[in-house]
Amino acid sequence: MTTALPNCIAGNFQPARTGETLDNVSSVTGGVLCTIPRSDARDVADAAEAAKAAREGEWARWSVGQRADLLDAVADIIESRLEEIAAIESRDTGKPFRLAATVDIPRAVANFRFFASAVRQHHDGFHEMADAINYTLRRPIGTVGLITPWNLPLYLLSWKTAPELAMGNTIVAKPSEITPMSATVLAEILHEVGLPPGVFNLVHGLGHEAGQAIVEHPDIGAISFTGGTSTGAIVGRTASERFKKVSLELGGKNATVVFDDCDVEKAVEGAVRAGFANQGQVCLCGSRVLVQEGIYDRFKAAFVERVSNMSVGDPADPDTSLGALISHGHREKVEAFVALAKEEGGTIETGGTRPQLGAPLDAGAFLRPTVISGLNTSSRTATEEIFGPVVTIHPFKDEADAVRIANCVEYGLAASVWTQNLGRAHRVSAALDVGMVWVNTWLMRDLRVPFGGVKASGVGREGGHHSLEFFSEPKNVCIKL
Ligand code: TXE
């Protein structure tokens with residue numbers, strides 16, 4: 001029998017008011033993994049009401065220390081169930097189990113531990129005047145809506161939930177309808193560690209139904225959204241019209257910029273990881289590799305060889321580098337970009353086709369990792385977000401040319417720069433229109449640093465004190481002496 005995942009509202013695990021469900025289909029086998037409630041505005045209203053009641057109950061009296069201890073307890077449980085939760089995440093997303101077990105779930109543990117510690121240390125402003133003092137109180141916003149995507153389900157939900165609880169808010173969360181499973185596990189764990197009912201409410205369902213209702217609900221005071229840029233525009237518009245605080249983490253078309261003075265072996269390895277981690281379905285993925293012309297041929301040959309040797313297949317196999325894409329529909333979108341690349345004059349250096357994996361994996365949404373050369377840097381393939389295992393590679397002349405190409409897209413999330421010239425590393429990092437630059441590495445994360453992008457990649461920053469500040473409201477008190 002197919003498992004029916006419930007919503008969690010006011011501490012009750014229950015179906016949607018409609019009684020309707022949606023199938024959650026495996027992108028690995030094509031089978032139905034579970035069903036989720038097809039929630040609508042009524043379920044969201046119930047969740048918002050529960051969140052409001054919880055904010056006026058015992059939760060309001062919890063000290064910072066108690067909240068931090070609860071986050072640590074959540075981290076301990078996730079860690080103790082790491083392999084089991086990684087297996088759930090891998091089944092739900094199609095990503096390799098090894099990736100979920102070494103990145104996604106450890107990162108969820110780290111998010112809870114980090115924000116437990118961060119909130120214990122957090123302090124606010126005090127400003128003295130000749131005849132007055134000012135001090136700044138920091139208060140919860142109230143109820144916050146968390147809307148998360150399918151590529152890093154628990155990783156991103158925990159990234160928002162931990163600081164949100166740390167600051168004493170209540171939550172209405174909606175995970176992606178195509179990766180709902182680990183969010184339900186988190187709701188169960190929060191229940192188990194004794195979070196008061198109604199503080200964390202989980203509402204499953206479709207974006208334009210349950211998601212939209214969260215953004216519109218008058219009692220939900222802030223929205224933290226991670227997802228696609230076009231959805232982000234709708235969320236941003238709806239939230240701003242209602243004067244809600246909003247944080248948008250959106251798409252990217254990030255450049256991996258390789259200068260001829262780099263350590264080529266390390267740059268190839270870094271560009272492969274940046275291009276194809278999680279089947280290229282990370283907003284930070286380096287989907288445009290820009291290589292200085294003197295080493296272009298050598299770099300391209302080594303890069304293509306490494307990519308063509310990556311193993312695609314069963315996510316449960318520890319030797320698998322790439323699992324399935326998130327859905328069959330998404331694979332079609334990615335394949336349409338490969339077809340477009342050919343029309344635009346690109347050469348498929350490797351990949352671009354479906355692997356032959358045998359039953360039952362032949363029913364899955366697998367695609368070989370793909371490298372495309374010969375495209376104009378302003379072509380659609382080289383400038384639009386594909387969000388799959390497809391990387392374009394382009395030569396450039398000098399620093400100015402590299403920066404011009406890197407900046408010629410509508411996105412501005414991240415970049416990696418590969419050079420051994422310190423001055424160049426600083427100059428190019430400063431000139432790139434992005435929120436985050438890595439030099440001689442990729443996706444090295446310190447949870448204290450600002451995370452987020454510019455241009456169509458989003459609005460606002462999360463991470464460290466940025467998250468604690470986003471999920472709270474400062475209030476200044478000025479006392480005349
Ligand atoms: O994401 P959506 P989709 C990019 C990637 C991908 C594209 C579309 O390019 O191909 O976005 O993916 C909820 N009001 N990224 O369509 O729709 C939805 O239910 C409120 C980049 O799957 O943005 C889900 O929970 N919520 C990204 C969440 O928004 C709405 C990661 C994200 O889904 C809504 C994923 C609405 N009107 C995709 N409509 C990243 N930044 O990492 C949908 N949702």
Side-chain angles (χ1 to χ4, degrees), residues 22 24 27 36-41 44 92-93 95 104 145-157 159-160 172-180 182-183 202-217 220 223-242 244 246-254 277-285 287 325-337 365 367 380 383-390 409-414 435-436 443 451-453 455-460 462:
L22 300 161
N24 175 27
S27 68
I36 61 164
R38 182 172 180 172
S39 313
D40 64 15
V44 170
D92 207 10
T93 57
K95 71 175 70 197
D104 292 65
L146 308 183
I147 300 178
T148 46
W150 42 258
N151 56 338
L152 301 161
L154 189 61
Y155 178 127
L156 288 172
L157 182 59
W159 174 241
K160 298 179 191 298
V172 179
K174 195 204 84 63
S176 170
E177 55 274 29
I178 50 180
T179 55
S182 57
L202 181 66
V203 179
H204 287 290
L206 298 171
H208 67 277
E209 295 177 354
Q212 183 75 18
I214 290 174
V215 186
E216 287 177 0
H217 197 283
I220 296 178
I223 302 291
S224 174
F225 171 86
T226 302
T229 292
S230 53
T231 310
I234 300 171
V235 169
R237 196 163 50 237
T238 313
S240 315
E241 278 169 358
R242 290 160 176 79
K244 297 186 181 197
V246 64
S247 165
L248 303 172
E249 301 288 349
L250 310 176
K253 187 75 177 178
N254 312 296
N278 203 34
Q279 298 74 242
Q281 302 169 135
V282 181
C283 52
L284 303 164
C285 273
S287 49
L325 300 201
I326 191 63
S327 67
H328 294 78
H330 188 58
R331 177 174 65 178
E332 279 169 27
K333 176 186 151 186
V334 174
E335 286 175 330
F337 270 106
L367 189 67
R380 282 188 54 205
T383 55
E384 294 182 16
E385 187 180 47
I386 300 174
F387 218 66
V390 177
V409 294
E410 64 167 320
Y411 297 100
L413 190 57
M436 295 165 278
L443 198 41
F451 181 97
K455 305 201 284 188
S457 291
V459 177
E462 294 187 17

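The structure displayed is predicted, hence computed values, not measured ones. Each ligand, and each atom within it, is numbered from 1 in the order the structure gives.
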**Asked** Measuring from the heavy atoms of H330, does anything fall under 4.0 Å of ligand 1?
**Response** yes
**Asked** Does S224 reach the main-chain N or O of S247 with its side chain, forming a donor-acceptor pair under 3.5 Å?
**Response** no
**Item:** Q281 side chain vs I326 backbone, donor-acceptor pair below 3.5 Å
**Value:**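 Checking the backbone N and O of I326 against the side chain of Q281, a donor-acceptor pair under 3.5 Å is found.
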For [atom], what's the nearest protein heavy atom and its distance?
atom                    : value
atom 24 (C) of ligand 1 : T148 O, 3.5 Å
atom 40 (C) of ligand 1 : C283 CB, 3.7 Å
atom 19 (O) of ligand 1 : E177 OE1, 2.6 Å
atom 11 (O) of ligand 1 : G228 CA, 3.0 Å
atom 10 (O) of ligand 1 : K333 NZ, 2.6 Å
atom 44 (N) of ligand 1 : G207 CA, 3.3 Å
atom 13 (C) of ligand 1 : I147 CG2, 3.7 Å

**Prompt:** When you check the gap from the basic side-chain N to the acidic O, do R38 and E209 get nearer than 4.0 Å?
**Reply:** yes
**Asked** Salt bridge check: are E177 and K174 linked by an N-O gap of less than 4.0 Å?
**Response** yes
**Request:** Between T179, I223, I214, T231, flag the one that comes closest to atom 2 (P) of ligand 1 by a heavy atom.
**Result:** T231
**Request:** Would you indicate which of V215, L284, L250, T238 comes nearest to atom 41 (N) of ligand 1 when only heavy atoms are counted?
**Result:** L250
Just let me know how [X] lines up against ligand 1, side chain, backbone, both or neither, with a heavy-atom cut-off below 4.0 Å.
X    : answer
V282 : neither
E249 : backbone
A210 : neither
Q212 : both

**Asked** Which atom names give the shortest non-hydrogen contact between N24 and I178, and what distance separates them?
**Response**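 Heavy atoms only, the tightest pair is OD1-O, 3.0 Å.
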**Request:** Look up atom NZ in K253 and atom NZ in K455, then write down how far apart they are to the nearest 0.5 Å.
**Result:**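 Going from NZ on K253 over to NZ on K455, the span is 13.5 Å.
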